[in-house]
2 protein chains.
Amino acid sequence: MSDLKELLEVKKCPRQYVLAVNDTLNVISGKWKMPIIASLLYGIHRFKDLQENIGKITPRMLSKELKELELNGVVERKVFNTTPVRIEYHLTESGKKILAVMDSMIEWGLEHRERVVEVG
Amino acid sequence: MSDLKELLEVKKCPRQYVLAVNDTLNVISGKWKMPIIASLLYGIHRFKDLQENIGKITPRMLSKELKELELNGVVERKVFNTTPVRIEYHLTESGKKILAVMDSMIEWGLEHRERVVEVG
DNA sequence: AATATAACTATACAAAAGTATACCAATACT
DNA sequence: AGTATTGGTATACTTTTGTATAGTTATATT
């Protein structure tokens, strides 16, 4: 295959795919996104509980990340009119489906570790 | 389910899964990893060609990222004893399989965009 | 009136990631 | 000797991401 053909082939890589990958990366990149999403998946929904479960995250980061996830349509914030006020964070339908991406990442990561150990 | 049970359930989330996800994130996170891996997948292997294909990347970043990918066992660097010297970067077996992760990211990203457009 | 609790916010800072611009080394060609 | 080519490095920045530490608001409890 000629260099030109290859170049054209690359240019054909659909823009919507690039956008889709970037959207996904935005949602899962960073130190705390995965721990937060995983905790929500496991049924932890309140600020203090998330903070305790994740361990070393500061309230500033937890707040910031939850806001970003909410803005990205991955998390929904629910306010309950009790005293003291109770607030719960839940994954949206999209949010729950990130599990599929996590699964593919786990699969790749495990296989890769085995291969690296074999090779040296 | 009690809070305690939930907590224990979370603690059961296997450490090797956490490591696997982190390994994968390390390989795909950042502004340039995906463009580089995609270019390699599409058959572009030389430094200058990668630089041209990716567009706005500086040689410093391309060099740095390729080194990191090599260190992580995702890319292999081959030196050809020609004049002038020819160097090629190729994905390892592990590297090629990142396509599966990319696919799941594309799928999630596309679905998520549709859902966000629907909801508003 | 003092203390406790949930759910944060504010300010200042440090570290990591990325950019801009210029330069280098080896070899071959003219 | 001067120029071109490939495959990078070096230095100095700017931006983004994450940390540390303290404070706030609203209500209820003692």
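Excluded from the calculations below are hydrogen atoms, water molecules and symmetry mates; all remaining heavy atoms, backbone and side chain alike, are included. Below, chains carry the letters A, B, ... as their sequence lines are ordered, and counting in each starts from 1.
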Base, sugar-phosphate, or nothing: which does B:Phe80 touch, judged by heavy atoms less than 4.0 Å apart?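 The residue B:Phe80 makes no contact with any strand.
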End-to-end axis angle, where each axis spans five pairs of the helix from C:dA1-D:dT30 to C:dT30-D:dA1, to 10°: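 Overall, the helix from C:dA1-D:dT30 to C:dT30-D:dA1 bends by 20° from one end axis to the other.
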Residues in salt bridge (Lys or Arg N to Asp or Glu O under 4.0 Å) contact with [X], at least two apart in sequence or another chain:
{"X": "A:Glu70", "value": "none"}
{"X": "A:Glu107", "value": "none"}
{"X": "B:Glu93", "value": "B:Lys96"}

[atom1] of [X] versus [atom2] of [N]: gap in Å, rounded?
{"X": "B:Gln51", "N": "D:dT9", "atom1": "CD", "atom2": "P", "result": "12 Å"}
{"X": "B:Leu62", "N": "D:dT9", "atom1": "CG", "atom2": "P", "result": "10 Å"}
{"X": "A:Asn53", "N": "C:dA7", "atom1": "CG", "atom2": "C1'", "result": "17 Å"}
{"X": "B:Arg46", "N": "D:dG8", "atom1": "CZ", "atom2": "P", "result": "10 Å"}
{"X": "B:Ile36", "N": "C:dG18", "atom1": "CD1", "atom2": "C1'", "result": "12 Å"}
{"X": "A:Ile87", "N": "C:dT9", "atom1": "CD1", "atom2": "C1'", "result": "13 Å"}
{"X": "B:Glu52", "N": "D:dT6", "atom1": "CD", "atom2": "P", "result": "11 Å"}

Under 6.0 Å from the OH atom of A:Tyr17, do we count more than 12 heavy atoms belonging to anything else shown?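 Incorrect, the count does not exceed 12.
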Taking side chain to side chain contact (heavy atoms under 4.5 Å, CB included) as the test, write out the residues that go with A:Arg113, two or more places apart.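 Expected list: B:Leu19, B:Asp23.
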Per-nt protein contacts along nucleotides 15-30 of chain D (heavy atom under 4.0 Å; B base, S backbone sugar-phosphate only, - none) come out as ---SBB------SS--
Between A:Glu111 and B:Lys97, does at least one N-O distance fall below 4.0 Å, as a salt bridge requires?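 A salt bridge is present here (some side-chain N lies under 4.0 Å from a carboxylate O).
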Output yes when B:Glu52 and B:Lys48 qualify as a salt bridge under the 4.0 Å nitrogen-oxygen rule, no when they do not.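 A salt bridge is absent here (no side-chain N lies under 4.0 Å from a carboxylate O).
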For the backbone of B:Asn26 and the side chain of B:Ser29, can you confirm whether one donor and one acceptor N or O come within less than 3.5 Å of each other?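 It does not hold such a pair.
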Look at the side chain of B:Ser63 and the backbone N and O of B:Pro59, then say whether any donor-acceptor pair between them is shorter than 3.5 Å.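 No; judged by distance alone, with no hydrogens or angles, the pair does not exist.
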